[in-house]
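Chain A is the first sequence line, chain B the second, and so forth, proteins listed ahead of strands; every chain is numbered from 1. We use all heavy atoms of the structure for the numbers below, so side chains are in, but hydrogens, waters and symmetry mates are not.
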Protein chains: 2
Amino acid sequence: MNLTVAEENYIKAIYKLQEGDQAVTTNALAYELDTKPASVTDMAKKLKEKKLIDYEKYQGITLTPEGRKTALQVVRRHRLWECFLVDKLSFSWEEVHELAEELEHVRSEKLINRLSDFLGNPVIDPHGDPIPDAHGRMAKPRPQTPLDQANAKRLVVTAVSDQSTALLAFLNAKGIKLGTQLEIVAHYEFDNSIEIKMKHLSSLTISEQVAKNIMVRPL
Amino acid sequence: MNLTVAEENYIKAIYKLQEGDQAVTTNALAYELDTKPASVTDMAKKLKEKKLIDYEKYQGITLTPEGRKTALQVVRRHRLWECFLVDKLSFSWEEVHELAEELEHVRSEKLINRLSDFLGNPVIDPHGDPIPDAHGRMAKPRPQTPLDQANAKRLVVTAVSDQSTALLAFLNAKGIKLGTQLEIVAHYEFDNSIEIKMKHLSSLTISEQVAKNIMVRPL
DNA sequence: TTAATTATTTAGCTTTGTCTAAATTTTAAT
DNA sequence: ATTAAAATTTAGACAAAGCTAAATAATTAA
Ligand SMILES: [Mn+2]
Ligand SMILES: [Mn+2]
Ligand SMILES: [Mn+2]
Ligand SMILES: [Mn+2]
């Protein structure tokens with residue numbers, strides 16, 4: 001099955017939005033892909049034809065097993081390229097998503113497996129997301145929660161769930177990265193902001209919006 | 001000026017075929033790009049519109065200075081990726097062209113300049129072709145001639161002018177690569193085949209067709 | 001210098017992926 | 001149970017890139 005770049009992008013976006021089994025809506029997919037709902041409907045018909053998704057009018061979209069396999073391949077390529085850019089070419093984590101968005105479409109098993117070897121077969125990408133192996137299997141991530149829901153006091157940052165340049169740039173500015181250890185000093189119920197303290201630094205207060213997108217686990 | 005992948009491929013092909021100032025013909029370009037003359041005519045109109053080529057009906061195609069600049073950027077990306085694949089991922093020289101044909105279309109100055117640094121700013125690619133620098137300047141290649149026209153006896157292989165998998169596989173089989181030193185033992189005028197001898201090996205005879213595509217300079 | 005051959009262009013059609021505007025279906029609210 | 005709002009689909013259009021078949025221009029041969 002030979003997919004176009006657009007088809008791969010759709011499959012990956014469906015994978016991303018399809019938490020568990022819940023069907024992905026036309027509008028959500030259009031928003032995620034920065035396109036229009038009418039375009040999504042058109043593409044849904046094509047992907048159904050290719051047996052990559054289950055789709056019935058007005059009923060939303062889910063990946064078939066074949067579609068999920070395809071999605072995992074694209075995700076693998078995306079995340080390995082992100083590792084390459086950060087580890088080998090010294091890009092910072094907020095710069096790599098867009099480039100990987102293009103590199104992920106070079107389809108060569110040999111290339112991607114050699115790249116993985118070259119990188120030491122990493123299992124997480126620069127944003128803390130797991131990298132599927134050549135068979136589509138991912139190490140199941142150690143349990144992690146959004147910072148705004150953490151109950152332990154001493155925590156370590158394991159991932160960021162929003163990967164917009166804006167959030168990543170903010171985290172850079174505050175010195176927060178994967179592996180950063182922090183302590184929760186206070187919750188402020190007025191706006192659900194959270195005061196945190198990192199070693200050797202004065203404490204800072206972050207918005208609920210930011211806290212929701214920082215994944216942590218107890219230290 | 002934002003170019004499509006197809007436009008970049010055309011510009012690169014025109015650059016390749018346009019030796020000196022001679023205009024590139026519609027048919028030659030169609031053959032090079034494995035497409036049809038009618039398609040070339042269509043694209044020529046678009047590229048003229050974008051001021052990348054000079055083109056008048058029936059008069060053939062030449063790159064404008066802007067077009068040449070674009071071509072050199074694409075060539076730079078292509079050849080740097082080939083270096084990456086060979087030097088870092090252990091691909092052999094006959095495998096890299098197709099992959100580079102796709103990778104070359106990821107347009108990011110920052111990416112390609114960092115890749116170049118990472119590779120040690122190489123000046124020739126795995127086939128002996130020069131790599132343009134960030135400003136489009138290439139080290140002018142040291143004088144080289146096709147093996148079938150060499151007059152010195154002791155020679156060193158500097159490049160291959162045909163990069164088909166078939167030729168490269170043949171050269172692999174015979175142990176001929178960039179830097180290989182060889183001696184011309186005999187010319188056979190019946191078919192213009194050439195007998196050569198490499199150090200520590202028995203001599204072998206290669207066809208004119210092969211000899212034409214091996215570039216050498218006197219040792 | 002005609003005539004034949006070759007090269008190139010034009011015309012018209014196809015596929016992919018997108019859009020807007022209008023129609024329809026589903027969901028939520030009275 | 002209607003009605004209003006929101007979500008989704010359809011219809012019709014467009015741009016990019018390709019194709020085939022037919023027309024035209026340029027070149028070569030007789
Ligand atoms: Mn992508
Ligand atoms: Mn990532
Ligand atoms: Mn290419
Ligand atoms: Mn090359």
Side-chain angles (χ1 to χ4, degrees), chain A residues 1-15 17-19 22-63 67 70-71 74 101-102 104-107, chain B residues 1-15 17-19 22-63 67 70-71 74 101-102 104-107:
Chain A
M1 196 97 66
N2 238 10
L3 302 186
T4 65
V5 166
E7 286 169 337
E8 284 193 342
N9 284 334
Y10 271 89
I11 290 294
K12 184 158 64 84
I14 295 164
Y15 175 82
L17 297 179
Q18 187 186 330
E19 308 258 318
Q22 68 207 35
V24 175
T25 68
T26 303
N27 270 358
L29 197 45
Y31 182 80
E32 172 71 22
L33 289 167
D34 196 21
T35 183
K36 297 288 184 274
S39 305
V40 171
T41 301
D42 287 346
M43 182 60 90
K45 291 172 185 166
K46 289 174 202 162
L47 295 175
K48 182 187 182 179
E49 189 60 36
K50 295 194 175 189
K51 301 195 192 302
L52 294 170
I53 63 171
D54 289 317
Y55 167 68
E56 296 299 332
K57 263 198 209 183
Y58 297 103
Q59 299 311 123
I61 295 169
T62 53
L63 291 176
T70 300
V74 181
E101 201 56 50
E102 301 191 49
E104 70 187 0
H105 301 293
V106 177
R107 244 153 311 181
Chain B
M1 197 95 65
N2 238 9
L3 302 187
T4 65
V5 166
E7 287 169 338
E8 284 193 342
N9 285 333
Y10 271 88
I11 291 294
K12 185 158 65 84
I14 295 164
Y15 175 82
L17 296 179
Q18 186 186 329
E19 308 257 319
Q22 70 207 34
V24 175
T25 67
T26 303
N27 270 359
L29 197 45
Y31 182 81
E32 172 72 21
L33 289 167
D34 196 21
T35 184
K36 297 287 183 272
S39 304
V40 171
T41 301
D42 287 346
M43 182 61 91
K45 291 172 185 167
K46 288 174 204 163
L47 295 175
K48 183 187 181 180
E49 188 61 35
K50 295 193 175 190
K51 301 195 193 303
L52 295 170
I53 63 171
D54 289 316
Y55 167 68
E56 295 299 332
K57 262 197 209 187
Y58 298 103
Q59 300 311 123
I61 294 168
T62 54
L63 291 175
T70 300
V74 182
E101 200 56 50
E102 302 191 49
E104 71 187 0
H105 301 292
V106 177
R107 245 154 310 182

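The minimum heavy-atom distance linking A/E104 with A/E8 is given by the pair O-OE1, 4.1 Å. Listed here is the closest heavy atom pair of B/A71 and B/Y15: CB-CB, 3.6 Å. Annotation for A/V106 and B/E102: closest pair CA-OE1, 3.9 Å, computed over non-hydrogen atoms. Closest of all the heavy-atom pairs between A/I53 and A/A44 is CD1-O, 3.4 Å.
A/Y10 OH to A/T4 OG1: the interatomic distance, rounded to the nearest 0.5 Å, is 10.0 Å. For the atom pair B/L33 CG and B/L17 CG, the distance stands at 8.0 Å (nearest 0.5 Å). Once rounded to the nearest 0.5 Å, the distance linking CG of A/N9 with CD of A/E101 reads 5.0 Å. Rounding to the nearest 0.5 Å gives a distance of 9.5 Å between CG of A/D42 and OG1 of A/T35. Summarising the geometry, atom CG belonging to A/L52 is positioned 8.0 Å from atom CG belonging to A/L63; distances are rounded to the nearest 0.5 Å. Atom-to-atom distance recorded for B/I11:CD1 and B/T70:OG1 is 6.0 Å, nearest 0.5 angstrom.
A/D42 places its CG atom 12 Å from the C1' atom of D/dT8, with the value rounded to the nearest Å. For the pair A/K45 NZ and D/dT8 P, the interatomic distance rounds to 14 Å; values are reported in whole Å. Atoms CG (B/N9) and P (D/dA17) sit 10 Å apart, rounded to a whole Å. When the P atom of D/dA16 is taken as reference, atom CG of B/L3 falls 12 Å away, rounded to whole Å.
Annotation: salt bridge (charged side-chain N to carboxylate O under 4.0 Å, His left out) contacts involving residues 47-56 of chain B, sequence neighbours excluded, comprise B/E7-B/K50, B/K48-B/E56.
At a threshold of 4.0 angstrom between heavy atoms, the contacts of A/A38 include nucleobase atoms, whether or not backbone atoms are also involved.
Scanning residues 25-34 of chain A for heavy-atom distances under 4.0 Å to DNA chain D yields A/T25, A/T26, A/N27. Residues from residues 46-58 of chain B with heavy atoms under 4.0 angstrom of DNA chain C, sorted by number: B/Y55, B/K57, B/Y58.
No donor-acceptor pair under 3.5 Å is formed between the side chain of B/R107 and the backbone N or O of B/N2.
Close to D/dC19, at under 4.0 Å from its OP1 or OP2, lies a side-chain N or O of B/T35. A close approach under 4.0 Å does not occur between any side-chain nitrogen or oxygen of A/T41 and OP1 or OP2 of D/dT8.
When the local axes at the two ends of the helix from C/dT1-D/dA30 to C/dT30-D/dA1 are compared, using 5 base pairs at each end, they differ in direction by 10° after rounding to 10°.
Nucleotides of DNA chain C with any atom under 4.0 Å from a heavy atom of chain A span, from 5' to 3', C/dT16 to C/dT26.
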Can you give each donor-acceptor pair under 3.5 Å made by side-chain atoms of residues 23-32 of chain A, sequence neighbours left out, with the distance rounded to 0.1 Å?
residue : atom : partner : partner atom : Å
A/T25   : OG1  : A/A28   : N            : 3.1
A/E32   : OE2  : A/K16   : NZ           : 3.2

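Each of A/K36 and A/Q59 was assigned the nucleotide of DNA chain C with the nearest heavy atom; the assignment lying further toward the 5' end belongs to A/K36.
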